[in-house]
Amino acid sequence: MTRTATAPEHVAGEPGTMTHREVLRTISGIFMGLFVSIIATSIVSSSLPKIVADLGGNQSAFTWVVTATLLTTTISTPIWGKVADLVDRKLTIQIALAITVISAALAGFAHNPATLIAWRAFQGIGAGGLTAVGMVLIADIISPRERGKYMGYMGAIMAVATIGAPLLGGFLTDTAGWRWNFFVGVPFAVVAIVLIQRTLHLPPLERKEKVSIDYLGATLISAGIALLLLWVTFAGSKFDWASWQTAVMVGGAVAILAVAVWAESRAEEPIIPLGIFGNRTVTLVIVASIALGVVLFGTTVFLSQYMQIARGYSPTVSGLLTVPLILGQLTASIGSGRAVSRTGAYKKFLVVGAIVMPIGIGLMGTITYQTNLTIISLYMALIGVGMGLLMQNMVLAAQNTLTPAELSTGSATIAFFRSLGGAIGVSALGAVLGHRVSTEIVGGLTEAGIAPPASLAGGTLPDVSTLPGPIATIVESAYGTAVAEVFLIAAPIALIALVCVLFLKEVPLATKSNAELRLEELARTEAAADGSGDATDTADAPDASTASVR
């Protein structure tokens, strides 16, 4: 007797069985979870100068509050992706959500930079899970052809969260105190967990009886990346770039990562399967994602310092002043997502985005502490438009070339390298910014014949409102110059993404979801096991457009 694999109602039946309303209901919990993750992570962006100053931290502490989250997100993302292949994805994303919001709340009790950095690191572990598993769940439910539209919606939700979180964080900091930045996400997380439990229904897919997790690979990758980022952070300040410390740290990181590659090539279930790099599209997207991570995380994270220290605005106002960047992202994300679903073409949007974004970043490299804010808003809007056209559509292009078995790990690997680029960007460009600020302030004070005040001793982030007029002007000018230099360094790096996009081969978008394809594969396996020798009576043939481009 021939058996067939059937999907639950409204999850993965024949293409088109789910209405637009049903799809939105099914993925509402996933969207809410991603919304909570962004709120918890970015709510401090406009308040961070105030938070770090209150805790007595310096520029290095500011950088590491961000880098710690990016580092653990980077390290944990491929692990979450592998776990999603082996255990229940619904439970996995709920656990990731709980880790994110609980660690964020505990960060609100920090009384020194080290404690804050530690809890932000734990927060990154949960964020890595939400990023990796959320994207895979959407791919399970929606076909690549339709996914562009819904990923456009997701981009809009992310943009709204990214807009709202800094504004809310700035308002809470100015009215109730910065600690409420970390507590406010708890009720949102509860709602997200309940929504996921009630609305997310996945088909019962076959899983391996023996679960194998590559602990050695995970440990080696984590150690190698952490050592490399520590070197980038401390070189040039704690020790010279050309020094024995640099030789030890860089040499050690390279050696550890080389062993990690060897371990991954022999692992039964590797964290990062090396075979995935044989997929041309995925490889190009990974290289572009690293460049985008360096550029976007490594520049936009310092906008709050520009607005508050170089321009003297409050956390609330500084959040408002970055709205053009997010509005550009929101508009481009929704518009391109709907167009991709309608036409099936995505490369032209990637090319336009890869051209517009470096232009915006390069223009931001020309600003000073006195540049007209309308002009700065225009530059930020250009960066936002580039982000909106690139980020979601690149993931879509890669997922479209992955087989169902590769989707979780492949998506997580892309997210891993994007976060890695971000961690490197924040560390490296943060070190550049700190060195340039110090040089500019010392030079300005020396030229003016002014002794540095106690409030600037030790490199702590200054509260410009407490400084005498002449010193405040020197500090504002220093931060304006340093932030512009960060953007100027990032601009040519952004061109790497353009080169990768130009070499992408556009593949027709598949019309079946990942879950549908996996169910068809299961049906054929069951039919073959029953001796029928032909599964065509139980499931349609796989969509040819999902074949990997290698």
Side-chain angles (χ1 to χ4, degrees), residues 48-50 52-53 56-67 113 229-246 249-250 294-295 297-313 318 361-371 376 424-493:
L48 207 49
K50 173 70 172 175
V52 175
N58 55 17
Q59 182 64 49
S60 178
F62 181 98
T63 299
W64 268 96
V65 170
V66 180
T67 302
L229 292 178
L230 286 170
W231 167 68
V232 170
T233 301
F234 297 128
S237 58
K238 304 295 184 182
F239 50 82
D240 293 335
W241 288 95
S243 63
W244 68 265
Q245 292 96 332
T246 289
M249 296 180 79
V250 174
V294 171
V295 170
F297 287 105
T299 55
T300 56
V301 73
F302 300 115
L303 281 175
S304 61
Q305 286 190 345
Y306 175 79
M307 294 300 180
Q308 292 177 48
I309 300 177
R311 304 305 292 258
Y313 293 110
S318 70
I361 291 171
L363 290 171
M364 282 294 291
T366 66
I367 66 174
T368 70
Y369 77 108
Q370 295 176 317
T371 302
I376 293 177
I424 293 172
V426 172
S427 296
L429 296 179
V432 170
L433 185 143
H435 181 266
R436 185 60 187 270
V437 163
S438 177
T439 301
E440 289 289 321
I441 290 177
V442 170
L445 293 175
T446 301
E447 185 177 341
I450 303 174
S455 58
L456 291 179
T460 55
L461 292 186
D463 182 349
V464 178
S465 63
T466 65
L467 298 174
I471 297 178
T473 300
I474 292 171
V475 171
E476 288 170 352
S477 176
Y479 274 88
T481 300
V483 170
E485 182 173 326
V486 163
F487 279 96
L488 209 55
I489 293 172
I493 299 175

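Values reported hereafter were calculated over all heavy atoms of this structure, with side chains retained and with hydrogens, waters and symmetry mates removed. Throughout, numbering of the chain's residues begins at 1 and tracks the sequence.
- Going from atom CD1 of Ile376 over to atom CZ of Arg311 covers 5.0 Å, rounded to the nearest 0.5 Å.
- What you find for Phe487 and Ile361 is that their closest heavy atoms are O-CG2, 3.3 Å.
- Minimum heavy-atom separation, Ile441 to Ala478: CG1-CB, 3.6 Å.
- A donor-acceptor pair under 3.5 Å is absent between the side-chain atoms of Thr366 and the main chain of Gly362, judged by distance alone.
- A donor and an acceptor atom, one from each side chain of Gln370 and Thr368, are nowhere located under 3.5 Å apart.
- Looking at every heavy atom in both residues, Glu440 comes nearest to Ile474 through O-CG2, 4.4 Å.
- Side-chain atoms of Ser304 never come within 3.5 Å of backbone atoms of Ser318 as a donor-acceptor pair (strictly under, hydrogens ignored).
- At distances below 3.5 Å, at least one donor-acceptor pair connects side-chain atoms of Thr439 with backbone N or O atoms of His435.
- A pairwise comparison of heavy atoms in Phe302 and Leu429 identifies CE1-C, 4.2 Å as the closest pair.
- Taking CD of Gln305 as the start and OH of Tyr479 as the end, the distance is 5.5 Å to the nearest 0.5 Å.
- Taking all atoms of both residues into account, the shortest heavy-atom contact from Pro113 to Ala61 is CB-CB, 4.1 Å.
- With hydrogens and angles ignored, the 3.5 Å screen pairs a side-chain donor or acceptor of Thr481 with a backbone N or O of Ser477.
- Shortest non-hydrogen contact noted between Tyr306 and Tyr369 is OH-CA, 4.0 Å.
- For the pair Val475 and Ile309, the minimum side-chain heavy-atom distance is below 4.5 Å.
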